[in-house]
Amino acid sequence: MTLYAEVALPLPLSQTFFYLIPERWQSRVQIGARVLVPFRGRALTGFIVSLKKRRANKEIRLKEIEEVLDEKPLFAPNFLSFTRRLSDYYYTSWGEFLQASLPPTYVLKSKRMIHLSAEGGSALKKEKLSKEEKAILSLLQKKPYTATFLQRRFGKKSVSSLLSRMSRKGYVHFQKEIQKRGRRRLRPVSSLQKQLEIDFGLSRKLRNFTEAIFQKASPKAFSPWLVFGSEDERKALYFNLIKKVLEREEKTLYLVPEISLTQHLIERFEKRLGKEAAILHSQMPERKREAEWLKVRSGEAKVVVGPRSALFSLLDKVGLIIVDEEQDDSYFQRENPSYDARRGAWIRAKQEKAILIYGSARPTVEGFYQAKKRGYLLNLEQKEQKRKVNIVRERSRRDITSQQFRESLREKLNEGEQALVFINRRGYAPLLVCSNCRHIPKCVNCDIALNYHKKKEKIVCHYCNYSLPKPEVCPECRSRIIRLMGYGIEAVEEELKKYFPQARITSFASDEVKGRKEQEWIVHRFSEGKIDILIGTQLLAHRADLPPVSLVGILYPETLLGLADYRASQKTFQTIGLMMDHLQDNGHGEVLIQTELPSHFSIQAAASKDYDSFFKQEMKLRRLMNYPPFSHMIGVLFQGENLRILAQKSREFSALLKSEAGEIEVLGPSLAGVKRLKGISRVQMILKARRKKYLDDALQVSLKKVRLRGTISVFN
DNA sequence: AGCACGCCGACT
DNA sequence: GTCGGCGTGCTC
């Protein structure tokens with residue numbers, strides 16, 4: 001007879017909690033079901049992760065489960081182990097990962113509402129109250145609020161002691177309230193009844209690869225692969241694998257980068273898989289997402305396509321997990337909770353004994369290295385396309401674009417061709433500098449210079465969106481001469497419009513193009529030839545559905561090298577590569593890279609599409625610096641308002657770590673690259689070790705001893 | 001996370 | 001004394 005339930009809660013806590021199971025539920029509780037439990041005066045949805053006959057710690061007075069919410073478990077044992085391992089790996093909460101697999105309406109939490117009592121109402125009229133009390137009580141006259149709301153409303157750090165005193169005086173009372181579960185009726189998703197596209201003409205090479213992959217996977221076993229090849233070939237292989245997996249009565253999890261989940265791609269999936277596919281994306285309305293979730297839950301969907309969060313789909317019988325564009329940053333989630341979906345896919349595939357496919361034309365060096373070393377690299381040997389690549393250094397003082405670039409552009413425009421131009425910066429200029437006193441306007445919340453946006457006539461913080469009207473005179477010395485430093489997309493657009501007044505020029509940056517619809521619209525017009533020159537930032541580089549063009553201009557890709565990240569070279573190589581993929585391969589295409597660092601290896605290798613050369617040189621540096629894949633690296637970011645306390649605590653933490661384990665290298669603590677963000681100071685440390693276990697052991701001890709608000713990012 | 005507790009200086 | 005504000009620690 002089971003008596004105790006171990007429950008994981010959707011809070012940023014890495015422990016689980018135990019509850020008594022009341023008699024009436026005993027025969028009905030199951031591992032993997034949701035329960036409603038009391039927790040510090042609140043009611044929370046929790047998840048049963050195990051059932052015990054005996055209790056471990058007799059000291060604690062256990063509470064009873066209030067309600068069992070599921071007759072049938074939501075989570076299969078496999079899924080529980082997977083999320084458990086993932087939370088161990090990333091030092092984060094198990095419950096938060098479980099929560100990530102459910103629609104928000106499945107994870108209700110009570111809120112403590114603060115009500116005005118009758119006494120409070122009369123006190124407000126008759127008695128003289130303090131300013132704070134009066135303000136709160138009169139606000140509560142309208143309707144009850146939560147403490148968090150009041151706190152924010154009055155700009156306080158805490159109102160808890162204030163509220164408890166007021167409740168003691170009887171002015172207010174608290175009431176637990178659970179948001180009503182909207183009784184919406186879900187319409188079944190209108191699934192396309194299109195004729196499914198049949199695979200045809202799969203090359204012998206791909207057929208052989210498919211066979212090799214399945215050979216390793218039968219009998220069913222975890223088997224990872226890195227597919228190194230062009231997008232078209234990769235996709236052909238994926239669909240072939242999916243087909244075979246479907247034949248085995250198994251299902252597929254297909255992860256794609258956030259940004260590449262365009263209408264175009266969605267249509268392709270629907271065409272090929274029809275109603276067997278559930279497609280998720282982040283901008284999907286709540287209702288639609290829940291409908292897709294139900295499709296997975298009911299077993300109708302056999303393939304789930306989505307961004308990193310789709311890793312948590314409640315798909316059973318997983319036979320194949322694909323992580324396409326393995327190099328993409330969007331697989332990494334920085335906060336609450338922090339995890340890398342690439343690693344997550346590995347852990348899940350291993351748990352499910354599934355085939356795991358990482359795919360890329362320009363894989364991360366970490367991934368490529370592992371695949372080579374452990375023998376799971378599948379090289380599709382891309383055939384070389386003909387193209388002309390120019391690396392240009394020359395730059396006049398007056399213009400952003402070089403004369404050579406403009407000549408090429410003129411030539412193509414005269415032939416009625418289209419061009420794409422990449423620049424890695426939003427706005428008009430990244431910096432304003434007073435010529436007189438050198439003052440640089442900075443964000444009040446962040447340690448960041450404000451970017452000048454000419455179209456809005458504002459200076460804007462690219463981290464928190466704080467903005468000011470463009471200053472006419474220097475706010476420090478009242479000088480009228482303020483210089484613009486550097487170039488952004490708006491400046492490029494302005495210059496090209498000046499030189500090519502007849503050309504139809506449009507720019508494409510995340511702050512200008514609002515939402516999916518407008519993006520699709522611009523891409524649509526470009527595809528129809530109604531735009532001659534499309535200028536864009538990263539957003540453009542990632543669009544896979546643009547028609548191939550005959551001129552690709554890449555302006556100052558080295559700004560990507562300026563990132564304070566050991567992966568900066570990789571990012572530069574990859575972005576140039578993405579842009580070059582937009583080139584038509586009929587031999588007339590031309591790429592022009594304009595840079596101040598023409599001999600940097602990442603630019604050179606990208607220009608000649610030479611992954612091996614990039615890999616070799618980057619690995620040399622990684623080895624030299626003891627970066628991944630030669631070490632395991634963990635970033636610990638401490639955040640807090642008080643920099644003094646932050647500094648002291650982080651030093652304490654660092655000392656503890658150093659004493660704890662000699663095998664780990666501790667860098668810092670030091671101010672983070674952005675030392676203040678949204679008004680919060682940030683101090684960071686980097687931990688490196690040969691094996692992750694060393695880091696695990698050291699952190700396990702230190703995290704218990706020094707309590708800090710912060711984020712731990714495991715980089716690899 | 002969110003809530004209680006307890007300590008501190010400021011103020012009727 | 002009491003009020004408001006803040007840091008600290010715990011939650012089965």
Side-chain angles (χ1 to χ4, degrees), chain A residues 2-22 29 35-52 54-66 92-100 104 107-114 123 127-137 145-152 154-169 171-178 335-338 638-646 648-649 652 703-711:
Chain A
T2 47
L3 284 167
Y4 308 104
E6 184 183 8
V7 175
L9 296 169
L11 296 176
L13 300 172
S14 32
Q15 354 143 16
T16 53
F17 295 87
F18 286 91
Y19 287 88
L20 290 167
I21 303 163
V29 285
V35 285
L36 203 64
V37 292
F39 188 77
R40 210 26 160 23
R42 287 187 283 168
L44 293 178
T45 303
F47 313 108
I48 298 185
V49 295
S50 80
L51 295 169
K52 301 257 153 91
R54 305 176 57 201
R55 53 186 305 180
N57 188 343
K58 297 222 158 86
E59 316 283 286
I60 305 169
R61 219 175 58 224
L62 299 186
K63 291 184 177 160
E64 287 192 345
I65 284 173
E66 269 168 33
T92 50
S93 149
W94 189 356
E96 282 187 324
F97 283 133
L98 293 171
Q99 173 175 240
V107 192
L108 301 180
K109 300 173 190 182
S110 79
K111 293 216 162 112
R112 193 185 61 163
M113 302 306 286
I114 297 143
E127 289 166 47
K128 53 175 195 284
L129 299 159
S130 74
K131 222 167 65 188
E132 300 296 327
E133 285 177 326
K134 207 171 184 175
I136 289 177
L137 290 179
Y145 288 104
T146 64
T148 343
F149 176 87
L150 295 173
Q151 222 161 276
R152 237 173 308 164
F154 294 105
K156 295 256 163 61
K157 290 250 167 69
S158 149
V159 286
S160 73
S161 61
L162 194 59
L163 287 175
S164 66
R165 242 185 296 259
M166 281 165 71
S167 120
R168 237 175 284 137
K169 285 194 272 187
Y171 295 163
V172 295
H173 63 270
F174 305 139
Q175 211 167 302
K176 258 195 286 179
E177 279 166 31
I178 290 194
E335 255 169 298
N336 44 113
S338 160
F638 296 129
Q639 307 188 54
E641 252 144 295
N642 189 331
L643 186 58
R644 276 230 326 272
I645 295 173
L646 209 59
Q648 192 229 317
K649 284 255 186 185
E652 203 178 307
L703 282 173
K704 266 194 199 124
K705 288 196 184 157
V706 183
R707 283 164 179 277
L708 275 168
R709 230 180 81 68
T711 321

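Throughout, protein chains are lettered first and strands after them, A, B, ... in sequence-line order, and every chain is numbered starting at 1.
When rounded to the nearest whole Å, the span between CD of A:Gln15 and P of C:dC12 equals 10 Å. Rounded to an integer number of Å, the gap from CG of A:Leu13 to P of B:dA1 is 9 Å. What separates CG of A:Leu163 from P of B:dC5 is a distance of 13 Å, to the nearest Å. Regarding A:Lys111, its NZ atom lies at a distance of 12 Å from the C1' atom of B:dA1, rounded to whole Å. Counting to the nearest Å, the P atom of B:dG2 and the CG atom of A:Leu44 are 10 Å from each other. Note: CZ (A:Phe149) to P (B:dA1) measures 20 Å, nearest angstrom. Taking atom CG of A:Leu137 as the reference point, atom C1' of C:dC3 lies 15 Å away to the nearest angstrom. Taking atom OH of A:Tyr145 as the reference point, atom C1' of B:dG2 lies 20 Å away to the nearest angstrom.
Considering only side-chain N and O atoms, A:Arg42 lies nowhere under 4.0 angstrom from the phosphate OP1 or OP2 of C:dC10.
Distances from the side chain of A:Ser161 to the nucleotides C:dC10, C:dG5, C:dC12 place C:dG5 closest. In the set C:dG5, B:dG2, B:dC5, B:dC5 carries the atom at the smallest distance from any side-chain atom of A:Ser160. Among the nucleotides B:dC3, C:dC12, C:dC3, the one closest to any side-chain atom of A:Arg165 is C:dC3. When the nucleotides B:dC3, C:dC12, B:dA1 are ranked by their closest atom to the side chain of A:Ala147, B:dC3 comes out on top.
One finds the CD atom of A:Glu6 at 6.0 Å from the CH2 atom of A:Trp94 (value rounded to the nearest 0.5 Å). Atom NZ in A:Lys52 sits 11.5 Å away from atom CZ in A:Arg54 (nearest 0.5 Å). With rounding to the nearest 0.5 Å, the separation of OG in A:Ser110 from CZ in A:Phe39 is 11.5 Å. Rounding to the nearest 0.5 angstrom, the gap separating the CG atom in A:Leu3 from the CD1 atom in A:Ile21 is 7.0 Å.
Here A:Glu6 lies out of heavy-atom contact (under 4.0 Å) with every strand. Using a 4.0 Å heavy-atom criterion, one finds that A:Leu162 contacts the sugar-phosphate atoms exclusively. Among the protein residues, A:Pro10 comes within range of no part of the nucleic acid, since none of its heavy atoms lies under 4.0 Å from any strand. Residue contacts shown for A:Leu20 are absent, as no nucleic acid heavy atom lies under 4.0 Å away. Looking at heavy-atom distances under 4.0 Å, A:Tyr19 makes contact with sugar-phosphate atoms alone, never a base.
In this structure, the side chain of A:Tyr19 engages the main chain of A:Pro38 through a donor-acceptor pair within 3.5 Å.
Residue side chain A:Thr148 does not reach the base of B:dG2 through any donor-acceptor N/O pair under 3.5 Å, judged by distance alone.
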